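As structure tokens, the structure follows; a few thoughts come after it.
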There are 2 protein chains.
Amino acid sequence: MTQTLEPAASPVDARQKLFNAQDTFIRRWGEMGQTWGINRTMAEIHALLYITAQPLCTDDVMERLHISRGNASMNLRALCDWGIIRRLHKRGERREYFESLSDVWEIFSIIAAERKRREMDPVLETIKQCRSMLDESHLGKTAARLPEIQATRQRLEGMQEFVEVTNKIFQQFVSNARSGLNRIVRVLLKAL
Amino acid sequence: MTQTLEPAASPVDARQKLFNAQDTFIRRWGEMGQTWGINRTMAEIHALLYITAQPLCTDDVMERLHISRGNASMNLRALCDWGIIRRLHKRGERREYFESLSDVWEIFSIIAAERKRREMDPVLETIKQCRSMLDESHLGKTAARLPEIQATRQRLEGMQEFVEVTNKIFQQFVSNARSGLNRIVRVLLKAL
DNA sequence: GTATACTTTCAGTAATCTCTGAAAGATCGG
DNA sequence: CCGATCTTTCAGAGATTACTGAAAGTATAC
């Protein structure tokens, strides 16, 4: 009679359900990673470490995600390079464990900082370079005033402004992460 | 003597230099697209239409980017579907032209809105689903209190909060685009 | 030193994504 | 209706990216 209101809750059952829930999350996270230019497996490994909230070793990861040792090793290393997971040595154990940072805000700040550096900064550099290719000192006054050239120059300016502002937002995001990112967020949401 | 201070500026020269600058931008933009999960050619086509600031037809695009008709056609269509370029019929002309939206803020608002819908919303959905798989009504009181399960639940909560706030920021970004996005930006940058 | 336990690397393979080109499908003027 | 012009589609080819598994490398205990 008690069983009609309370689902069966043997530890084995519960563990199975926990795994199901975790896998659901991991799969979805992997899919999302792909559309953001992060390879599926890397995203899945990170999701696994984040969601289980405990250190796992290479074999745990291999087994759980059905991937090879090489694949696991390379992606774990890449995640360490990004700085969003950490290596961990358990005393008395030979093998290495890995754990995810626990603060989502910190994780995404790190990613934001890195992508800004790798992707936004070079674009900004290129835009500036293109603009200089089209200024008077390179083309002469007359040519620089051709309508096509003026038009392209204007578009470059528009794009530069956008990238610069976006960069600043990224910067703020990053520099506020550790000390409670919520400030940035509250300001944003209340002010608008 | 005038030529020593003023670079040669024949229209042909100038056009060549314009093309060089445009190509530089286009290539860089294509590279960036890739790392953000947008295929290189699509990014390049958009960059071309944006930077030339004038309507181009399929053949113009094919020739300029050295791509096939099929490729051009499919990617132009995809860009139209996104809503960041527009079809344009010139009177008296049979063929179709395409032009990019000119306001960068609008372009990125559209992209942000679409990616939110396609990627963030499903993730949020999944997180909620996972949480419900782990609540008391599905596991029973005792099981729901196992430390592993509590830990995963907490991580899901942390992620959900993050996604929700990010969603709101996206939303604001989008709804402010047309009416001068600068408000959002000024608020952000001054407040911090 | 050797044996053991674990990690990393990388050449080859597999999977995925992108592009081409030709054929089929539109659309329009006459 | 036809012929001309332009667009779309899609099967197959090509290019890129990701994965495996075995061999080489590293670290520790003894």
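As the structure is a computational prediction, the values presented were derived from the model and not from experiment. Hydrogens, waters and symmetry mates are skipped; everything else that's a heavy atom, side chains included, is used.
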task = Begin with the C-alpha distance, continue with both residues' side-chain angles, and end with the deciding distance and a verdict on salt bridge (Lys or Arg N to Asp or Glu O under 4.0 Å) for B:E114 and B:R118.
result = CA-CA 6 Å; B:E114 193 61 12; B:R118 291 195 203 172; 3.0 Å; yes
Stepwise salt bridge (Lys or Arg N to Asp or Glu O under 4.0 Å) test for A:D135 and A:R153 = CA-CA 8 Å; A:D135 66 16; A:R153 276 227 305 275; over 6 Å; no
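B:E125 has no carboxylate O lying under 4.0 Å from a charged side-chain N of A:R28, or vice versa, which leaves the two without a salt bridge. One finds no salt bridge joining B:E31 and B:R27 here, because no Lys/Arg side-chain nitrogen approaches an Asp/Glu carboxylate oxygen to under 4.0 Å. A:R87 has a carboxylate O that lies under 4.0 Å from a charged side-chain N of A:E96, or vice versa, which qualifies the two as a salt bridge. Ionic pairing of B:E164 and B:K168 is not present here: no N-O contact between side-chain nitrogen and carboxylate oxygen is shorter than 4.0 angstrom.
Atom CZ in A:R91 sits roughly 15 Å away from atom P in D:dT28 (whole-Å rounding). A:N75 has its CG atom 9 Å from the C1' atom of D:dA18, to the nearest Å. Put simply, NE2 on A:H89 is 14 Å from C1' on C:dA5, counting in whole angstrom units. Going from atom CD of B:Q34 over to atom P of D:dA18 covers 11 Å, rounded to whole Å. One atom, CE of B:M62, and another, C1' of C:dG21, lie 10 Å apart when rounded to the nearest Å. Spacing between atom CD of B:E31 and atom P of D:dT16 amounts to 13 Å, rounded to whole angstrom units. C:dA26 atom C1' lies 13 Å from atom CZ of B:R77, rounded to whole Å. If you take CD of B:E96 and P of C:dG25, they are 19 Å apart, rounded to a whole angstrom.
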When you compare the protein's N or O atoms with those of nucleotides 21-26 of chain D, which come within less than 3.5 Å of each other, and at what distance?
none

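Both tests pass for A:R64 against the ring of A:F19: distance under 6.0 Å to the centre and angle within 45° of the axis.
Within the structure, every side-chain polar atom (N or O) of A:R95 is placed at least 4.0 Å from both OP1 and OP2 of D:dT28. For A:S73, a side-chain nitrogen or oxygen approaches OP1 or OP2 of C:dT8 to under 4.0 Å. Between B:R94 and C:dA26 there is no side-chain N or O to OP1 or OP2 distance below 4.0 Å.
At a non-hydrogen distance threshold of 4.0 Å, A:N39, A:T41 from residues 36-61 of chain A come into contact with DNA chain D.
Checking side-chain atoms of B:T35 against main-chain N and O of B:M32 turns up a donor-acceptor pair under 3.5 Å.
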All N/O donor-acceptor pairs, side-chain side in residues 70-82 of chain A, below 3.5 Å, sequence neighbours left out:
unit_1: A:N71; atom_1: OD1; unit_2: A:N75; atom_2: ND2; d: 2.7
unit_1: A:N75; atom_1: ND2; unit_2: A:N71; atom_2: O; d: 3.1

